[in-house]
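Encoded as structure tokens, the structure appears first; notes follow it.
Note: hydrogens, waters and symmetry copies are ignored here, and every other heavy atom, side chains too, is used.
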Amino acid sequence: MIQSSELILNPDGSVYHLNLKPEHIANDIIFVGDQNRVEKITQFFDKIEFSTQKREFKTQTGFYKGKRLTVMSTGIGPDNIDIVINELDALVNIDLETRQPKEELTSLNIIRIGTSGSLQEDIPVDSFVMSIFGLGLDNMLRSYLIDEVSNSAIEEAFINHTNWDARKGKPYVIKCSEKLEQLIESDKIFKGITATAGGFYGPQGRVLRLEIQDSELNNKMDNFKFEDNRITNLEMETSAIYGLSALLGHNALSLNAIIANRASGTFSEDPYRAVDELIKYTLDKLSK
């Protein structure tokens, strides 16, 4: 039996952080970072049957063209993803009354819709990027046993290419769900490796008043290539989503609307339109 200190439930029986019960979520879930973006997606729904929020975790479940979907905000960073994925898995794969894992496990389909900055000059603002691999620079997933789901060849190539400082922990690489990749695929979507940082400033090479450990890291990432894969963008959630989903048997895919290009120094003139177009595209693909 899973102890109450390990799987914490609220007095009403919902999971601690998300404030959800099993009946509140669909098997197809869309992640967004910003809680205000949840309703930017559910505004297209035919019907909303459930809505709740606790802290930055806002959830709405409803129907789009007859398809039951859940939209959830995760907040920022890999640490939040650790909470969200584990509690979602508990909702479908642990009996919350007996505190025993279920014999028959459920695989969720999780798609992240986010915004990001491109590291490659030829990936322009207002375009879409699909993360074929998540490259974790954050260390969160190293708390788990990940060798069976990680790509050691890309990891070692990246470490050698960047002369990575071992004191920062070992980067990890996880592939997206091939099932969701095939469902969402389009000739209009750029594909590549999405790097996931554990912070917004120093971990992503931004300098305000503090010097950073490797001022050339972003340039090294720009030039990194493994077979046909290059690093397309940098954000704060994808590799954690991919890793925990792979370990727990869920399908995960990350999509980003590119609103900034750090190579050219440009920013989208209408970032909200780019995000809306990605939302509509994803909803239509999920509803088929």
Side-chain angles (χ1 to χ4, degrees), residues 28-34 37 40-41 44 64-65 67 69 71-72 74 81 108-136 151 154 158 173-197 204 221-243 245-246 250-264 266-288:
D28 295 279
I29 301 175
I30 296 174
F31 282 176
V32 294
D34 185 354
R37 196 172 290 157
K40 288 185 176 294
I41 297 178
F44 299 108
Y64 177 81
K65 296 184 177 179
K67 180 78 169 182
L69 300 170
V71 183
M72 175 181 296
T74 65
I81 297 302
L108 299 171
N109 297 315
I110 299 168
I111 295 183
R112 177 183 185 270
I113 296 179
T115 56
S116 185
S118 170
L119 296 178
Q120 304 294 338
E121 193 164 6
D122 65 316
I123 300 179
V125 295
D126 301 327
S127 62
F128 302 155
V129 164
M130 176 187 291
S131 309
I132 301 302
F133 292 98
L135 165 63
N151 188 310
I154 301 180
F158 178 80
V173 175
I174 315 288
K175 194 178 188 306
C176 72
S177 160
E178 292 183 2
K179 170 188 171 183
L180 294 181
E181 177 188 355
Q182 293 172 5
L183 176 67
I184 302 296
E185 192 168 23
S186 166
D187 293 338
K188 298 180 180 179
I189 298 179
F190 291 89
K191 294 182 178 182
I193 301 170
T194 292
T196 296
Q204 294 191 37
M221 291 197 294
D222 293 348
N223 299 322
F224 177 72
K225 193 170 185 180
F226 185 87
E227 296 176 349
D228 293 329
N229 296 291
R230 58 181 178 163
I231 298 176
T232 52
N233 60 313
L234 181 59
E235 45 82 270
M236 295 181 64
E237 289 83 28
T238 293
S239 64
I241 294 172
Y242 283 9
S245 295
H250 304 299
N251 299 298
L253 185 69
S254 181
L255 303 171
N256 277 281
I258 298 299
I259 62 171
N261 187 298
R262 296 186 69 180
S264 63
T266 55
F267 191 83
S268 173
E269 295 182 1
D270 189 357
Y272 298 108
R273 180 180 61 83
V275 173
D276 284 346
E277 289 183 357
L278 180 56
I279 288 169
K280 293 174 186 177
Y281 176 84
T282 305
L283 287 174
D284 286 337
K285 287 289 189 178
L286 281 175
S287 65
K288 290 182 179 179

Could you pull out the closest heavy-atom pair between T196 and E237, with the gap in Å? CG2-N, 3.5 Å

Take E181 and I132, measure what side chain to side chain contact (heavy atoms under 4.5 Å, CB included) needs, and give me the verdict at the end. CA-CA 8 Å; E181 177 188 355; I132 301 302; 3.5 Å; yes

Could you go through the side chain to side chain contact (heavy atoms under 4.5 Å, CB included) check for R230 and I123 one step at a time? CA-CA 12 Å; R230 58 181 178 163; I123 300 179; 3.9 Å; yes

Side-chain contact test, heavy atoms from C-beta onward, threshold under 4.5 Å: evaluate it for D34 versus K40 and give yes or no. no

Please evaluate residues F224 and F158 with respect to the criterion ring pair (Phe, Tyr, Trp, His ring centres under 6.0 Å), reporting the C-alpha separation (whole Å), side-chain torsions for both, the decisive distance (0.1 Å), and the verdict. CA-CA 7 Å; F224 177 72; F158 178 80; 5.5 Å; yes

Which atoms form the tightest heavy-atom contact between S131 and N256, and what is the distance? OG-ND2, 4.4 Å

Test item: Y281 and I189 side chains (from C-beta on) under 4.5 Å apart, heavy atoms: yes

Going by heavy atoms in the side chains, are K65 and D284 under 4.5 Å from each other? yes

Could you pull out the closest heavy-atom pair between Q120 and I231, with the gap in Å? NE2-O, 2.9 Å

Kindly indicate whether the side chain of I113, heavy atoms from C-beta on, has any atom under 4.5 Å from the side chain of I279. yes

Could you report the tightest heavy-atom contact between G134 and S239, atom names first, then the distance? C-CB, 3.7 Å

May I ask you to check whether N261 and T266 show a side-chain donor-acceptor distance below 3.5 Å? no

Shortest non-hydrogen pair, Y242 vs I174, comes out as CD2-O, 3.4 Å

Rounded distance (nearest 0.5 Å) linking atom CG of L180 with atom CD of Q182: 9.5 Å

Interatomic distance, NZ@K285 vs CD1@I111, rounded to 0.5 Å, equals 11.0 Å

To the nearest 0.5 Å, how far apart are CD in E277 and OG in S127? 11.0 Å

Within the 4.5 Å heavy-atom criterion, are L286 and L183 side-chain neighbours or not? yes

Enclosure of E178 CD (heavy-atom neighbours >12, cutoff 6.0 Å): no

Distance in Å, N251 CG paired with S245 OG, rounded so as to fall on 0.5 Å steps: 8.0 Å

Do D126 and S268 come within less than 4.5 Å of each other through their side chains, counting heavy atoms only? yes

Measuring from atom OH of Y64 to atom OG1 of T282, what distance do you get when rounded to the nearest 0.5 angstrom? 10.0 Å

State, to 0.1 Å, how close F267 and I259 come at their nearest heavy-atom pair, and which atoms those are. CD1-O, 3.3 Å

Should L255 and F128 count as side-chain neighbours, where that means a heavy-atom distance under 4.5 Å? no

